[in-house]
There are 2 protein chains.
Amino acid sequence: MDEPRWLNENEMAAWRGFVAATNLVARHLERQLKDDAGLSHTQYEILVQLSAAPDGSLRMTDLADRLITSKSGLTYQITQLEKAGLVGRRSCPSDVRGVFAEITEEGWRVLREAAPGHVAAVRAALIDVLTPEQLTGLADSLGTVSDRLRATDG
Amino acid sequence: MDEPRWLNENEMAAWRGFVAATNLVARHLERQLKDDAGLSHTQYEILVQLSAAPDGSLRMTDLADRLITSKSGLTYQITQLEKAGLVGRRSCPSDVRGVFAEITEEGWRVLREAAPGHVAAVRAALIDVLTPEQLTGLADSLGTVSDRLRATDG
DNA sequence: GCAGAACGGTTCAAATTTGAACCACCAGGA
DNA sequence: TCCTGGTGGTTCAAATTTGAACCGTTCTGC
């Protein structure tokens, strides 16, 4: 039981900044999306991921990995979006167990409708308040962090 | 309805990195704290904030602002922590409506117990994977983001 | 003083999230 | 072929989170 290496001032500032920015941005965008498009950020992200996939569909597990949520959480949200008609489920030909989530026409429409406002909010909160150099540095640092965690946590 | 300013490659990388790092770090620390100390990250943060306050206590609203959660959410968590004996409630002398949350001896004990493992996890996930220069840049950028959002969102 | 607005916390119902248990089903070796 | 160990998704109960409604209290301007 060694004496732990506490954070120095510089490290603490980075950590507090990370936690604060994380929560503030999340809350801000959550509200913006809910108010302007009636979607939660999770739901919006689902639509984005599906829309970016080759044929507008992804396997449940694949999608859960990208969203970084639990499998059961995804099942719940897909069911909600299905009720709303924004996505559908399709079974996988090569694996009976498999399920594809697929964005519908209506899903595309809602996404197109929501995107401009969301991008504007992301700009206002994060992008446009930083210099291009800062953005590059941020992308670089957070990319490293993500890669490491994906490697260790799976 | 102007054409929205979409994100360029650099901006998109920063944004995706932010979202990914945010979720991955949150999930990682949530698990670490739950496994090692039986606390949620929110609960841990409550203890940290109280322990750092002058006399180990803060007004509910003040605490909610620092944690960036809703008032009702804080009421719930303080109740949980109170049941567990880690914090107590004290009424405010100068304002009958006011309530102080106060860390208890047991709360201090649990916090001291949990801190080393948590700091180690924070180091492994964020601090030690970056250079000091990156950390400074990160603190700077995210500090800016937080300040702006606090100013606009309140 | 006093009416009315704003504040500080709690309560409530509804939505979401999580992990564990479960149920088929695929894959690989004996 | 037949086990056996994972895999892919769903189901379930329990914990958490949120916003709106609420209630007494404090503050303001008049």
Side-chain angles (χ1 to χ4, degrees), chain A residues 22-24 26-46 57-84 87-102 153-154, chain B residues 22-24 26-46 57-84 87-102 153-154:
Chain A
T22 278
N23 290 326
L24 286 166
R27 186 175 64 173
H28 184 74
L29 294 180
E30 199 70 49
R31 285 181 187 162
Q32 180 270 320
L33 277 170
K34 187 61 76 183
D35 291 347
D36 296 354
L39 294 171
S40 67
H41 192 227
T42 307
Q43 296 175 328
Y44 182 84
E45 277 297 311
I46 290 174
S57 70
L58 287 170
R59 288 287 290 273
M60 293 295 279
T61 298
D62 191 356
L63 188 48
D65 287 345
R66 297 180 193 226
L67 296 178
I68 313 170
T69 31
S70 60
K71 288 187 298 174
S72 54
L74 180 61
T75 294
Y76 173 77
Q77 283 299 350
I78 290 293
T79 303
Q80 296 307 108
L81 288 172
E82 201 172 22
K83 285 180 192 166
V87 310
R89 281 183 227 245
R90 200 156 43 74
S91 56
C92 175
S94 63
D95 186 340
V96 186
R97 300 167 301 173
V99 172
F100 280 103
E102 179 178 37
D153 285 10
Chain B
T22 278
N23 289 327
L24 287 166
R27 187 175 64 175
H28 184 75
L29 294 180
E30 199 69 49
R31 284 181 185 161
Q32 180 269 321
L33 277 171
K34 188 60 77 180
D35 291 348
D36 296 355
L39 294 172
S40 68
H41 191 226
T42 306
Q43 295 175 330
Y44 182 84
E45 278 296 311
I46 290 174
S57 71
L58 287 170
R59 286 286 290 272
M60 294 295 277
T61 298
D62 190 358
L63 188 48
D65 286 345
R66 297 180 192 228
L67 297 177
I68 313 172
T69 34
S70 60
K71 288 186 299 174
S72 54
L74 179 60
T75 294
Y76 173 77
Q77 283 299 349
I78 290 293
T79 303
Q80 296 307 108
L81 288 171
E82 200 171 21
K83 285 180 192 165
V87 309
R89 279 186 227 245
R90 200 156 43 74
S91 56
C92 174
S94 62
D95 186 339
V96 185
R97 300 169 302 173
V99 173
F100 280 103
E102 179 177 38
D153 284 11

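Computed from a prediction, not measured in an experiment: that's the story for all the values here. Throughout, protein chains are lettered first and strands after them, A, B, ... in sequence-line order, and every chain is numbered starting at 1.
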Q | Short side-chain N/O contact to C:dG8 OP1/OP2 from B:S91, under 4.0 Å | A | no
Q) Could you run down nucleotides 1-11 of chain D 5' to 3' and tag each one B, S or - for protein heavy-atom contact under 4.0 Å? A) -----BBSBBB
Q. B:T42 near the nucleic acid: base, sugar-phosphate alone, or nothing, with a heavy-atom cut-off under 4.0 Å?
A. sugar-phosphate
Under 3.5 Å, which protein N or O atoms sit close to an N or O of nucleotides 1-3 of chain C? Give each pair with its distance.
none

Q) For DNA chain D, whose closest nucleotide is more 5', that of B:K34 or that of A:R31? A) B:K34
Q | Bend angle of the helix from C:dG1-D:dC30 to C:dA30-D:dT1, from helix axes over five pairs at each end, nearest 10° | A | 30°
Q) With sequence neighbours excluded, what pairs up with A:R27 under the salt bridge (Lys or Arg N to Asp or Glu O under 4.0 Å) test? A) none
**Q.** Student check: side-chain heavy atoms of A:I78 and A:L63 closer than 4.5 Å
**A.** yes
Q: Considering non-hydrogen atoms only, spot the tightest contact between A:A101 and A:M60 and give its length.
A: CB-SD, 4.2 Å
Q. Any side-chain N or O of A:Q77 less than 4.0 Å from the OP1 or OP2 oxygen of C:dA15?
A. no
(Q) Just verifying a value: how many Å separate A:Q80 CD and A:T42 OG1, rounded to the nearest 0.5 Å? (A) 11.5 Å
Q: Give a yes/no on whether any side-chain N or O of B:Q80 is located under 4.0 angstrom from OP1 or OP2 of D:dT16.
A: yes
Q: Decide side chain to side chain contact (heavy atoms under 4.5 Å, CB included) for B:L24 and A:D153; before the verdict, give the C-alpha distance in whole Å, the side-chain angles of both, and the deciding distance to 0.1 Å.
A: CA-CA 9 Å; B:L24 287 166; A:D153 285 10; 5.8 Å; no
Q) Once you round to the nearest 0.5 Å, how far does NE2 of A:H41 lie from CG of A:L39? A) 10.5 Å
Q | Partner residues of B:Q77 under the side-chain hydrogen bond (donor to acceptor under 3.5 Å, both in side chains) criterion, sequence neighbours left out | A | B:Q43
**Q.** Check: B:R89 and B:F100 side chains under 4.5 Å, non-hydrogen atoms
**A.** no
Q. Hey, are the side chains of B:L74 and B:I46 touching, using non-hydrogen atoms and a 4.5 Å cut-off?
A. yes
Q) Of all residues at least two apart in sequence or in a different chain, which pass the side-chain hydrogen bond (donor to acceptor under 3.5 Å, both in side chains) check with B:R90? A) B:S57, B:E102
